[in-house]
Every structure is written in C-alpha cells, then in structure tokens.
Amino acid sequence: MFLSDRQTDIVDMAKTNGRVFVEELATHFAVTPQTIRKDLNDLCDAQILTRVHGGATFPSGTENVKYEARRQIAAAEKQAIGVAAAGLIPNNASLFINIGTTTEAVGEALANHHELMVITNNINVANRLRLLPAIEVVIAGGVVRSSDGGIVGEAAVDFIRQFKVDYAVIGASAIDEDGALLDYDFREVKVAQAIIANARHVVLVADSTKFERTAPVRIGQLSQVHTFITDRCATPSIRQLCQESDVRLIETNR
C-alpha cells in the first residue's frame, strides 16, 4: 500500500501513542472526520493499524507502547478499574501488585486503606505508597527496567516466592480470545507467574484495549485468576471462559 504523507504521520502517531482518535486526528490535520475515517479504514485494510471504536491502535506484536503513552491510553477507564479493584481489598491484608499502568491505578486507589502489606516489583507503585504511613511497602530486588521502573529477573522471582499473600493484582499487555494472558518481556512474565502462584486470590485488571492487542509471551490463562476487572468486555469467548472457569467478571462501564 502506498501511504500518503498524512497516513504516514497517522501511523507514526499510533506507533508513538498506541492509539489514535478520529476527532483528534481531524483537528490535527484540519480535515473532516470522514477523511480520517477513510484513512484509518485504508490503513486497517492493509493490516497496518487495527480499527477500534472511535479510532485505531498500532498492533505491535513484539514491542510494547512507550510507558508515558501507555499511561494516557484509556486513562479514565484505568482509574475506574483501579477504584473497583481497591474496593475488593480489605484492610489488614497482604497483596502483590505487579508492573503496569493499570496496576498503578490500583495502587493509587488504595490511599485510604489501613494496615496493608504491599509487595511489589513496580517502583512507581512503591514510590506512591511509601508516603502512606498505614501501608507497609516491600519492594522486590532485581534488574530495574529503565523504560517503566519495573523490577524483573530471577532475583525478583526468588524474592516473590518467599511470600504467600491474600491478594495479587496483576495486569497483562494483551488478552487473546482463547483467554491467554500475554506480555512482551519474558523476564517480567516469570515474575508475574510467581505472583500468581503465591497468592490466594488473583485479581486481573485490564482495560478493553487489551482485547485489541497481541504480545508474544504467555503469562498464563484467564482461568488462573479469580476476579477479572475491565471497563467493558465485548468478546463473547472471554465471557464464556469467565463463566466456565468461575472467574468473577466486573465491568466498570456497565
């Protein structure tokens, strides 16, 4: 497919931000929304972008979107998911929180909790929660990933295995239609698997854009979690899997 200058710029913007929106693109390029929709349809027909409601995403299968861009994608939805997840965590509980912008939203929503022990491999979560005197923060050791402050590697895995906690809050970069939970970094996946194995109740938090993406490394299966919190689940196979595996599905936008 031959790309016009505008289409090339749209692809670059999607690659940088993870997602582009029709109305914002129309304003940016000073053209009509109909023109942008045609551009997006052409790019999606060529399998360069993936069409979603209101815009399109860059379907990178091997590399994650940059951290600051991920924080902006579905920010309001992540905040609502964070509040819902925090509402499941009682005071006087122990929990894991792993790497991810949605799990960070859960950490922020725990501000009014008391007597929590939070074990995390996410420097951003630790940095926020350390200011709260009613929450004890325990941070994993290992290699600090410069892109997002995640702590990964075998040292982090060994550290996590020392604990058996009440709750684990985990994220995923992508969720396949067959219920596979996917990510990009094999080292991060090993830590996530250790977290799942050492928690009594696993809470998966992921906004609906994760149904539109793919990633190469398998964390596990949806059937391994107890509660799945998302803004909206429009994938029938995922609903069926939740029902068959006795996974509680919470949708914040319903």
Side-chain angles (χ1 to χ4, degrees), residues 64 67 70 78 81-82 84-86 88-90 92-110 113 116-130 135-145 147-176 179-207 210 215-230 242 245-248 250:
N64 207 351
Y67 173 74
R70 297 205 315 270
K78 290 174 182 175
I81 291 168
L88 299 178
I89 309 296
N92 300 291
S94 57
L95 67 148
F96 291 127
I97 299 180
N98 84 335
I99 303 168
T101 54
T102 311
T103 57
E104 287 178 22
V106 179
E108 291 176 356
L110 291 171
H113 280 60
L116 292 185
M117 173 187 279
V118 176
I119 301 120
T120 184
N121 65 324
N122 186 328
I123 281 181
N124 302 307
V125 168
N127 203 36
R128 288 179 175 89
L129 294 183
R130 69 179 176 81
I135 298 179
E136 180 181 9
V137 179
V138 183
I139 191 163
V143 177
V144 180
R145 197 165 54 190
S147 61
D148 60 1
I151 301 171
V152 296
E154 287 301 318
V157 172
D158 291 341
F159 181 84
I160 292 298
R161 286 175 176 160
Q162 298 180 75
F163 298 90
K164 185 73 175 185
V165 302
D166 301 314
Y167 294 88
V169 178
I170 66 166
S173 293
I175 302 175
D176 209 50
L181 309 179
L182 305 169
D183 218 303
Y184 295 92
D185 188 333
F186 179 78
R187 299 171 302 166
E188 177 180 343
V189 163
K190 298 295 286 184
V191 179
Q193 289 169 342
I195 286 173
I196 291 170
N198 289 283
R200 297 181 181 90
H201 188 107
V202 180
V203 181
L204 171 66
V205 291
D207 68 84
K210 304 301 172 63
V217 189
R218 182 189 294 271
I219 300 170
Q221 282 292 128
L222 184 60
S223 58
Q224 291 177 265
V225 312
H226 301 89
T227 303
F228 174 30
I229 306 177
T230 186
C242 287
S245 303
D246 198 26
V247 176
R248 182 184 179 189
I250 299 174

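The figures that follow rest on heavy atoms only: side chains count, while hydrogens, waters and symmetry mates do not.
Residues Val189 and Arg218 form no side-chain contact, since every pair of their non-hydrogen atoms from C-beta on lies 4.5 Å or further apart. Residues Phe163 and Ser94 fail the side-chain proximity criterion, which asks for heavy atoms closer than 4.5 Å. Between Arg248 and Leu88 there is a side-chain heavy-atom pair separated by less than 4.5 Å. In this structure, the side chains of Ile97 and Leu110 come closer than 4.5 Å at one or more pairs of heavy atoms. Contact check for Arg145 versus Ile151: no side-chain heavy atoms found under the 4.5 Å cut-off. Using a 4.5 Å heavy-atom threshold, the side chains of Ile229 and Val106 count as separate.
A pairwise comparison of heavy atoms in Val143 and Arg187 identifies CG1-NH1, 4.1 Å as the closest pair. Closest non-hydrogen pair, Ala199 versus Phe96, comes out as CB-CD1, 4.4 Å. A pairwise comparison of heavy atoms in Met117 and Val138 identifies CG-CG2, 4.2 Å as the closest pair. When all heavy atoms of Phe159 and Gly141 are compared, the closest pair comes out as CG-N, 4.3 Å. Closest non-hydrogen pair, Asp183 versus Ala172, comes out as OD2-CA, 4.4 Å. Nearest heavy-atom pair across Gly100 and Asn122 is N-ND2, 3.5 Å.
Within the 3.5 Å criterion, the main-chain N or O of Asn98 finds a donor-acceptor partner in the side chain of Thr103. Thr102 places no side-chain N or O within 3.5 Å of a backbone atom of Lys78 that could act as its donor or acceptor partner. Not one N or O on the side chain of Ser245 forms a donor-acceptor pair closer than 3.5 Å with the backbone of Val247. Checking side-chain atoms of His113 against main-chain N and O of Ala93 turns up no donor-acceptor pair under 3.5 Å. Although no hydrogens or angles enter the test, the distance criterion places a donor-acceptor pair under 3.5 Å between the side chain of Gln224 and the main chain of Gln221. A donor-acceptor contact shorter than 3.5 Å is absent between the side chain of Asn127 and the backbone of Ile123.
One distance of note links CG of Asp166 with CG of Leu95; it measures 8.0 Å at 0.5 Å rounding. Going from atom CG of Leu204 over to atom CD1 of Ile250 covers 11.5 Å, rounded to the nearest 0.5 Å. To the nearest 0.5 Å, the span separating CG on Asp185 from NZ on Lys190 amounts to 12.5 Å. Taken from OG1 in Thr101 to CG in Asn124, the straight-line distance is 10.0 Å, to the nearest 0.5 Å.
Note on ring orientation: taking the six-membered ring where Trp is involved, the planes of His201 and Tyr167 are tilted (angle from 30° to 60°).
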Let me see the working for Ile219 and Ile196 under side chain to side chain contact (heavy atoms under 4.5 Å, CB included), right down to the final yes or no. CA-CA 9 Å; Ile219 300 170; Ile196 291 170; 4.0 Å; yes
Run Ile175 and Thr230 through side chain to side chain contact (heavy atoms under 4.5 Å, CB included) and show every step you take. CA-CA 11 Å; Ile175 302 175; Thr230 186; over 6 Å; no
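Taking a 6.0 Å sphere around CG of Asp246, one finds it holds 12 or fewer heavy atoms contributed by other residues, nucleotides or ligands.
Put simply, the residue from Ile139, Val157, Ile99 that forms a side chain to side chain contact (heavy atoms under 4.5 Å, CB included) with Asn121 is Ile99.
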